[in-house]
*Asks:* 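Quick one: this structure, given as structure tokens, is what I'll be asking you about.
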Amino acid sequence: MNNGDLNWIANFIWGIADDVLRDLYVRGKYRDVILPMTVLRRLDAVLESTKQAVLDMKASLNKAKVVHQDPALRQAAGQDFYNKSKFTLRDLSARSSQQQLKADFEAYLDGFSPNVQDILDNFEFRNQIPRLSKADALGTLISKFLSPDINLSPNPVKNNDGSVKHPGLDNHAMGTIFEELVRRFNEENNEEAGEHWTPRDAVKLMAKLIFLPIAEKIQSGTYLLYDGACGTGGMLTVAEDTLQQLAAEHKKKVATHLYGQEINAETYAIAKADLLLKGEGEAADNLVGGPEHSTLSNDAFPSREFDFMLSNPPYGKSWKSDLERLGGKDGLKDPRFMIQHGGDSEYSLITRSSDGQMLFLANMLSKIKHRTKLGSRIAEVHNGSSLFTGDAGQGESNIRRWIIENDWLEAIVALPLNMFYNTDIATYVWVLTNRKPDHRKGKTQLIDATQWFKPLRKNLGKKNCELSDDDIQRICRTFLDFKETEQSKIFRNEAFGYWKVTVERPLRLKGIDSGKVYSPKEIKALKETGERDEKAQPVIKTIHKKGAKSDPLFGLFEATISGKSVVVEYEPDTELRDTEQIPLLEKGGIEAFIRREVLPHVPDAWYDPESIKIGYEISFTRYFYKPQPLRTLEEIRADILALEKVTEGLLGEIVGGGH
């Protein structure tokens, strides 16, 4: 069946909403009825041929008092789902009484297998039945979906002469129609679409970024794909299609298993329904979702490892309730977010509670394969804050440090602005692997793809552009070439790291005894009553034992007390305390930087080695900033002369008007 036919069917179903629901629902709510009804009609059509076999199996299982009937009923249906009620939708279309139709329709829904019940519950479809029944619209709705003008069955519909009136609809074609309906409803509700739905162009790019580098290394076998914020499941299905296509091109046969987790009930229902409609019942069973299934606080796959992972986690969304469920900031022991790194046995990846997007990345990294040839590959979309928020030692910076010091970060691609439906902020695709090829080891590539896009003729919410196939190819080629260009910069991993160092200066107070060592209690009193003076003597807090060596850079100063040369430490002045960010690639390290940048301005300064923290941040602006060229003196002079002529004319008019 060609795309035109599929589009026609999608248009027909789209039209049912206007025909039946116009006066019952606002347009934004049509999806609450049309999407679950599309699922029901397809499942109903698929199950028609084995309906009696399921009923017979059900009767025999009941007779034998078998409790766990699901596997046997699936087998009888020949599908990963079934309906054990005595009704089909066609039976229900003959009901003349609305009351009887409502009761029988509810019994029909109750007859579906648990996986379909899960979909219906998360769609909250049963909540729609009273309204539809009261408005006498339920029967009309069922009749429209049974219309002889469309065929949602896998079997062809034939004319009286045996010719095909409507070809059968295979699982792939049905999945395509369902995805088209989801896309249209998302665009209708574009204010909320981006929250659960990543544009297809962005998904295609992400899939290619994780598969193309290893396309020739893919072997026949089984691969596991995962999305920890799977929304309507588009990333998983596009990634699966991309992998299958590349494998076929390289004459390999691969089996794929999809796994996903989604907290939003409706989008989870859509994802699960889409997989069932495509004939991927096992994958549908591997999706976990609903409000109680937050990926951060309730990981559905704690012991699983995956070959390929891709995701678009929520940006700027509070995860405070997840944090509380995990035991709070002090009680959190989840091994995904409290790890060992850099000699720290309690290295914290816990981010600010106002934004949990980077924790989704940490969750994925906890699931990478360490014992396979290809390891794991990851693509995840983030907004700009993941590049730089969080100070050294804080969660976001710690995650960046952990990733980069493990040499997992291959590249970050800056996408065009206005790519997503409900936001115009800058977005970036992070590409990671624990099996970097030799030429990439120790290095990270940044790609500025912000100018590679095709404008849309009509905005979809905030989305006003898309990545054409040529744009996607161009980005992938830049990524694979791994060369320095105007849009591609390559850095040593350490280029993103820095030491955060506390720089101290002594407390200087008027009228103090320069030869006295002051106790902590005395220093506290002095701070409350003394007057600071830059020219006063520093307050001594410690005298070191004989033999200690002075080192002013570390706060160990030579002083003369009672005619003897000793090594002392001064009380630091908290009001003069400062911090410096020193690049890890600084020639000569921290000491060289302090001597060059600090001591010439404040010779009495020192730094505290105990204060040193390592941080990482990535600044696209710094690396890709293009300053506007300065105007020439001739251009400026011409503008000034032109302005003088104008002002002279105005002045003449004013003075002339005065006479």
Side-chain angles (χ1 to χ4, degrees), residues 205-206 208-214 308-311 313 339 341-342 347 349 357-358 360-362 364-365 368 370 374-390 392 394-415 426-450 452 474-500 581-587 614-625:
L205 171 66
M206 292 168 69
K208 286 183 180 293
L209 289 172
I210 59 173
F211 292 124
L212 285 180
I214 47 93
F308 304 104
M309 297 175 257
L310 61 174
S311 195
I339 62 165
H341 181 71
Y347 186 84
L349 306 180
Q357 62 179 303
M358 290 202 79
F360 282 87
L361 188 53
M364 280 189 166
L365 289 165
I368 56 179
H370 293 282
L374 291 182
S376 297
R377 292 188 62 78
I378 294 171
E380 188 161 286
V381 184
H382 288 270
N383 69 10
S385 68
S386 293
L387 299 170
F388 53 80
T389 51
Q394 293 180 339
E396 292 88 346
S397 180
N398 277 358
I399 292 173
R400 289 189 293 271
R401 178 187 171 191
W402 175 51
I403 289 169
I404 293 170
E405 289 185 354
N406 275 304
D407 202 17
W408 291 334
L409 184 59
E410 273 195 337
I412 299 177
V413 180
L415 297 175
T427 49
Y428 303 81
V429 177
W430 292 51
V431 185
L432 302 93
T433 181
N434 61 334
R435 293 287 186 273
K436 269 192 186 180
D438 289 343
H439 68 284
R440 283 187 179 268
K441 283 182 179 171
K443 297 171 184 173
T444 299
Q445 183 181 19
L446 302 184
I447 298 172
D448 178 12
T450 54
W452 297 343
R474 189 177 183 184
I475 294 168
C476 291
R477 191 166 58 244
T478 304
F479 173 62
L480 293 171
D481 285 349
F482 195 61
K483 291 176 182 171
E484 284 270 349
T485 67
E486 201 174 330
Q487 282 83 25
S488 168
K489 308 288 184 189
I490 297 166
F491 300 90
R492 286 173 55 189
N493 288 343
E494 297 88 347
F496 306 118
Y498 63 88
W499 293 289
K500 184 184 177 185
Q581 280 191 197
I582 304 169
L584 295 183
L585 293 178
E586 174 72 34
K587 198 173 180 181
I614 296 175
Y616 278 77
E617 64 180 30
I618 301 163
S619 172
F620 262 77
T621 308
R622 185 192 312 155
Y623 304 132
F624 291 99
Y625 174 68

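No hydrogens, no waters, no symmetry mates; every other heavy atom, side chains included, goes into these values. Residue numbers count from 1 along this sequence.
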*Asks:* If every non-hydrogen atom of Arg400 is compared with every non-hydrogen atom of Ser386, which pair is closest and at what distance?
*Replies:* NH1-O, 2.9 Å

*Asks:* Does Thr450 use its side chain to pair, donor to acceptor, with the backbone of Leu415 at less than 3.5 Å?
*Replies:* no

*Asks:* Only counting residues at least two apart or in another chain, list the ones meeting ring-ring contact (aromatic ring centres under 6.0 Å, His included) with Phe388.
*Replies:* none

*Asks:* If we check side chain to side chain contact (heavy atoms under 4.5 Å, CB included) with Asn493, which of these qualifies: Ile403, Leu409, Leu584, Thr444?
*Replies:* Thr444

*Asks:* For Ser488 and Lys483, work out which heavy atoms get closest and say how close.
*Replies:* OG-O, 2.7 Å

*Asks:* Counting C-beta onward and ignoring hydrogens, is there a side-chain heavy-atom pair between Asn406 and Leu365 closer than 4.5 Å?
*Replies:* no

*Asks:* Using the side chain to side chain contact (heavy atoms under 4.5 Å, CB included) rule, take Leu205 and Cys476 through it: C-alpha gap first, then chi angles, then the decisive distance, then the call.
*Replies:* CA-CA 8 Å; Leu205 171 66; Cys476 291; 4.1 Å; yes

*Asks:* Looking at CD of Glu586 and CD of Gln581, how far apart are the two atoms once the value is rounded to the nearest 0.5 Å?
*Replies:* 13.0 Å

*Asks:* Any non-hydrogen side-chain atom of His382 less than 4.5 Å from a side-chain atom of Pro313?
*Replies:* yes

*Asks:* Quick one: are Ile618 and Ile404 in side-chain contact, heavy atoms under 4.5 Å?
*Replies:* yes

*Asks:* Give the minimum heavy-atom separation between Gly615 and Ser397, together with the two atoms involved.
*Replies:* CA-OG, 3.3 Å

*Asks:* Residues two or more places apart in sequence or in another chain: which of them pass salt bridge (Lys or Arg N to Asp or Glu O under 4.0 Å) with Glu486?
*Replies:* Lys626

*Asks:* Answer yes or no for Arg440 and Phe479: cation-pi contact, defined as NZ/CZ to six-membered ring centre under 6.0 Å and angle to ring axis within 45°.
*Replies:* yes

*Asks:* Check whether any side-chain heavy atom of Lys489 lies under 4.5 Å from a side-chain heavy atom of Glu484, and answer yes or no.
*Replies:* yes

*Asks:* Anything under 30° is parallel, anything over 60° is perpendicular, the rest tilted; go ahead and classify Phe620 against Tyr428.
*Replies:* tilted

*Asks:* With sequence neighbours excluded, tell me which residues meet salt bridge (Lys or Arg N to Asp or Glu O under 4.0 Å) with Asp407.
*Replies:* Lys436

*Asks:* Within the side chain of Arg435, is there an N or O that forms a donor-acceptor pair under 3.5 Å with the backbone of Arg377?
*Replies:* no

*Asks:* Does any part of the side chain of Trp452, heavy atoms only, come nearer than 4.5 Å to the side chain of Val413, both counted from C-beta?
*Replies:* no

*Asks:* I'd like to check Trp402 versus Trp408 (side-chain heavy atoms, cut-off strictly below 4.5 Å). Are they in contact?
*Replies:* yes

*Asks:* Can you label the angle between the Phe491 ring and the Tyr623 ring as parallel, tilted or perpendicular, going by 30° and 60°?
*Replies:* tilted

*Asks:* Out of curiosity, Glu396 CD to Gln357 CD, how far, rounded to the nearest 0.5 Å?
*Replies:* 8.5 Å

*Asks:* On a heavy-atom basis, which atom in Glu410 and which in Thr433 lie closest, and how many Å separate them?
*Replies:* OE2-CG2, 3.3 Å

*Asks:* Report yes or no: does Tyr347 contribute a side-chain atom to a donor-acceptor pair with the main-chain N or O of Asn398 at less than 3.5 Å?
*Replies:* yes

*Asks:* Hey, could you give me the CZ/CD1 distance between Arg474 and Ile447, rounded to the nearest 0.5 Å?
*Replies:* 11.5 Å

*Asks:* For Tyr498, give me all partners under ring-ring contact (aromatic ring centres under 6.0 Å, His included), at least two apart in sequence or on another chain.
*Replies:* none

*Asks:* Measuring from atom CD1 of Ile412 to atom CG of Asp448, what distance do you get when rounded to the nearest 0.5 angstrom?
*Replies:* 12.5 Å

*Asks:* Calculate, to the nearest 0.5 Å, the distance between atoms OG and CE belonging to Ser385 and Met358 respectively.
*Replies:* 8.5 Å

*Asks:* Name all residues meeting the side chain to side chain contact (heavy atoms under 4.5 Å, CB included) criterion together with Thr621; count only those two or more places apart in sequence or in a different chain, and write none if there are none.
*Replies:* Ser619

*Asks:* Taking all non-hydrogen atoms of both residues, which atom of Leu349 and which atom of Ile399 are closest, and how far apart?
*Replies:* O-CD1, 3.5 Å

*Asks:* Leu387 versus Trp430: any side-chain heavy-atom pair under 4.5 Å?
*Replies:* yes

*Asks:* Does Ile368 reach the side chain of Leu432, with side-chain heavy atoms less than 4.5 Å apart?
*Replies:* no

*Asks:* Looking only at heavy atoms, what is the nearest atom pair of Met309 and Ile210, with distance?
*Replies:* O-CD1, 4.3 Å

*Asks:* Please round to the nearest 0.5 Å and tell me the distance separating atom CG of Leu480 and atom CG of Leu209.
*Replies:* 8.0 Å

*Asks:* Considering residues at least two apart in sequence or located in another chain, which fulfil the salt bridge (Lys or Arg N to Asp or Glu O under 4.0 Å) criterion with Lys443?
*Replies:* none

